[in-house]
Student: 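Once you've had a glance at the structure underneath, I'll fire off some questions.
The chain is numbered in sequence order, starting from 1. Heavy atoms only: backbone and side chains are in, while hydrogens, waters and symmetry mates are out.
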Amino acid sequence: MNPITRKMATFLTITALGTAVFPLTTNHVHAATYVTNVAATATQFTNQQIEAAIKTLNSLGIMNGYADQSMGEYRAITRAELASLVFKTFNLEGKTGESVALTDVNANAWYAPYASKLVELGIMQANNGQFNPNSQVTDAELEQVVSKAMQRDVKSVHHWMSTFYSENGLTTRGETAVLLQTAHQAIPSEQAQIQSVRSLNAITLIVTFDKPLTAADEVFAKAQTDFALSGGLTLTNMPRLKTGSIATYIVPTSVQHAGEEYSLTYKGQDAGSFEGSGTKLNMTTVSQITNDTFEIEALQANGVVDYGYIISAYSGGRGANAFVLNDQEQAGGKTYQIISSMQARQVVITPEGGEPIVAKYVPFTQSTDGKQEPKFRLPEGQTLQSGVTYTVSSDWANINNASFTARSFDSLEVASAQAVSETSVEVTLAQDPGDELFSGRSVTLTSPNGDVLTATYKYSSRNGATGVFDLVNDGKLIPGTTYTISPVGDWSVASSVTVTL
């Protein structure tokens with residue numbers, strides 16, 4: 001379908017924008033040749049939404065009208081106009097990037113500084129110096145431009161555009177106004193304040209702010225201080241912004257007491273109270289994966305989703321598997337339980353006829369290789385005994401199949417190693433261990449004179465069978481020295497594997 005006519009399935013009579021008088025920007029009068037008004041479809045924004053968005057942007061000095069007293073809300077927007085709107089919406093004046101020369105932009109054109117700045121910052125493209133200011137903007141281009149300008153994930157911007165998005169369809173000024181109004185609300189603020197807090201499950205809060213947090217305020221060490229909870233409750237990892245939301249966060253906590261009233265302050269200000277949840281996460285099966293490690297599976301098919309699939313920070317890496325949950329934690333008519341961060345989590349594993357053992361979560365293993373299977377490891381030096389039946393219990397999860405009979409696993413084999421730098425080495429196993437089984441592991445590097453260095457796995461560095469290990473305690477490899485690699489513990493074996501910087 002023609003990109004213009006794809007928005008003409010259902011024509012809506014365009015109502016006037018009330019009696020409001022909008023400031024005019026006369027330098028827009030000759031800016032471009034416009035497509036005939038693009039009529040709205042039944043799924044598009046309403047006239048009221050468009051009117052409200054334009055009024056908001058107008059009051060902020062972002063969007064102005066034409067000499068004919070119109071706002072052109074149903075005209076296809078041009079790249080020149082988009083550059084101006086994005087520049088003003090995100091206050092890009094003070095930002096700097098690599099200087100560019102635009103061969104088709106007159107230095108005196110009204111849009112010149114906006115076009116130059118957005119190309120300079122990498123927000124808009126200019127192939128071979130051609131900005132094409134009069135070209136009309138497609139929905140796909142608008143999505144990318146706004147995502148880059150606000151440094152927010154594409155999945156969220158796409159969600160905000162979902163009522164009118166068509167990849168090759170032309171975007172109207174009115175649609176752009178509604179999207180930018182939403183995006184303007186989603187600009188992070190150091191003064192963000194909590195609007196609501198509720199307990200989702202025994203280890204998770206849903207906290208909504210009036211504005212998103214800055215990157216500095218999301219850092220775990222700072223968030224631990226900023227979020228003060230009563231009753232001994234603590235944050236266990238950083239708050240994570242939900243995909244598609246303006247400023248709603250998934251906040252992991254230590255295990256809550258069901259029915260207990262907790263209070264929350266944020267940066268010293270009272271932020272309300274909530275009742276502790278007794279809802280445990282529904283996990284399915286426990287499986288042994290090494291001699292000292294086991295995993296607990298959860299299935300999206302059963303309505304349980306790891307937060308990695310629904311948070312803004314991870315959506316790019318999850319590709320088509322990332323999705324948006326609404327405020328009721330629903331998608332596609334299904335309500336989901338959310339597994340928040342497993343950082344600092346633990347479970348109890350009890351051998352038949354034996355004493356319980358506390359097993360701790362192995363960092364960065366809760367949703368890898370497309371699976372929701374957080375891993376837990378016995379204390380250092382302990383192993384699962386072959387033939388013994390173990391049962392896993394938890395104060396944050398219900399586990400449907402919680403028992404397994406242990407068996408003996410062959411140790412992984414180090415096939416080779418090479419120096420990446422004076423402080424890092426790559427270790428390659430004979431086969432891909434999958435699911436981040438390097439996590440939490442260490443190796444030693446012994447020089448011919450007996451000096452020993454220790455290197456630990458760099459989380460999330462695995463590429464197939466290869467993982468990066470960083471030297472600890474400021475250790476450095478000496479150029480020309482050949483080191484012998486030895487795994488720490490029996491997770492792996494190495495036979496005459498050496499590395500030289």
Student: Can a cation-pi geometry be assigned to R240 and Y307, taking NZ or CZ under 6.0 Å from the six-membered ring centre and within 45° of the ring axis?
Tutor: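 No, a cation-pi geometry is absent between R240 and Y307.
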Student: Any donor-acceptor pair under 3.5 Å linking the side-chain atoms of R152 with those of S312?
Tutor: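 R152 and S312 do have a side-chain donor-acceptor pair below 3.5 Å.
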Student: May I ask you to decide whether E73 forms a salt bridge with R173, counting only side-chain N to carboxylate O separations under 4.0 Å?
Tutor: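 Looking at E73 and R173, the cut-off is not met.
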Student: So, N201 versus T279: side-chain donor-acceptor pair below 3.5 Å or not?
Tutor: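 Side chains of N201 and T279: no pair found under 3.5 Å.
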Student: Under the criterion side-chain hydrogen bond (donor to acceptor under 3.5 Å, both in side chains), I'd like the reasoning laid out for T368 against D435: C-alpha separation, chi angles, the key distance, then a yes or no.
Tutor: CA-CA 5 Å; T368 58; D435 278 324; 3.0 Å; yes
Student: When you look at CD of Q195, are more than 12 heavy atoms from neighbouring residues, nucleotides or ligands closer to it than 6.0 Å?
Tutor: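 Yes, because the 6.0 Å sphere around CD of Q195 holds more than 12 heavy atoms from other groups.
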Student: T284 and E297: side-chain donor and acceptor closer than 3.5 Å?
Tutor: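 Yes, side-chain donor-acceptor contact under 3.5 Å.
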Student: Among side-chain atoms of N47 and Y74, is any donor-acceptor pair under 3.5 angstrom?
Tutor: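 Yes, a side-chain donor-acceptor pair sits under 3.5 Å.
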Student: Which pairs, with at least one residue in residues 311-337 and sequence neighbours excluded, count as a salt bridge (charged side-chain N to carboxylate O under 4.0 Å, His left out)?
Tutor: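 Passing the test, one end in residues 311-337: R198-E329, K242-E329.
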Student: Would you say the side chains of S277 and Q256 form a donor-acceptor pair under 3.5 Å?
Tutor: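 On atom types as modelled, these side chains do not qualify, holding no pair under 3.5 Å.
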Student: Using a 6.0 Å cut-off, check whether atom CD of E190 has over 12 heavy atoms from anything other than its own residue.
Tutor: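 Count not over threshold, so no.
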Student: Do the rings of F227 and F209 sit parallel, tilted or perpendicular, given the 30° and 60° boundaries?
Tutor: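 Taking F209 first and then F227, their aromatic rings stand perpendicular (interplane angle over 60°).
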Student: Determine whether the side chains of T172 and R75 contain a donor N or O and an acceptor N or O closer than 3.5 Å.
Tutor: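 Note: T172 and R75 side chains miss the donor-acceptor criterion.
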Student: Could you give me the CA-CA distance, side-chain angles and deciding distance for F364 and Y457, then say whether ring-ring contact (aromatic ring centres under 6.0 Å, His included) is met?
Tutor: CA-CA 12 Å; F364 296 94; Y457 173 68; 9.2 Å; no
Student: Surrounding CD of Q330 (heavy atoms of other residues, nucleotides or ligands, distance under 6.0 Å), is the total greater than 12?
Tutor: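 Yes - once you tally the heavy atoms of other residues, nucleotides and ligands closer than 6.0 Å, there are more than 12.
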Student: Return each pair, listed once, that meets salt bridge (charged side-chain N to carboxylate O under 4.0 Å, His left out) where at least one residue sits in residues 259-286; pairs must be two or more places apart or across chains.
Tutor: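 Of all non-adjacent pairs touching residues 259-286, those that pass salt bridge (charged side-chain N to carboxylate O under 4.0 Å, His left out) are D217-K267.
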Student: Is there a donor-acceptor contact under 3.5 Å linking the side chains of Q224 and T234?
Tutor: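 No, no side-chain donor-acceptor contact under 3.5 Å.
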Student: Apply side-chain hydrogen bond (donor to acceptor under 3.5 Å, both in side chains) to residues D210 and Q193 and explain how you reach the verdict.
Tutor: CA-CA 6 Å; D210 59 348; Q193 295 182 339; over 6 Å; no
Student: Got a donor-acceptor contact below 3.5 angstrom from the Y361 side chain to the T365 backbone?
Tutor: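 Yes.
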Student: In Å, rounded to the nearest 0.5 Å, how long is the span from CG of L325 to CD1 of I310?
Tutor: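 Spacing of CG (L325) from CD1 (I310) equals 4.5 Å.
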Student: Are S263 and S273 close enough, and set up right, to give a side-chain hydrogen bond (donor to acceptor under 3.5 Å, both in side chains), and what steps lead you there?
Tutor: CA-CA 4 Å; S263 61; S273 62; over 6 Å; no
Student: Mind running side-chain hydrogen bond (donor to acceptor under 3.5 Å, both in side chains) on R345 and T236 for me, showing each step along the way?
Tutor: CA-CA 8 Å; R345 303 289 175 216; T236 56; 3.3 Å; yes
Student: Taking S147 for the side chain and Q144 for the main chain, is one N or O donor matched with an acceptor at less than 3.5 Å?
Tutor: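 Between the backbone of Q144 and the side chain of S147 there is no qualifying donor-acceptor contact (under 3.5 Å).
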Student: Do the two ring centres, one from F438 and one from Y459, sit under 6.0 Å apart?
Tutor: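 No.
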Student: Can you confirm whether N463 is buried at CG, in the sense that more than 12 heavy atoms of other residues, nucleotides or ligands lie under 6.0 Å from that atom?
Tutor: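 No, CG of N463 has 12 or fewer neighbouring heavy atoms, counting only those of other groups under 6.0 Å.
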Student: Give a yes or no on this: more than 12 heavy atoms of other residues, nucleotides or ligands lie within 6.0 Å of atom NZ of K360.
Tutor: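 It does not: K360 NZ has 12 such atoms or fewer within range.
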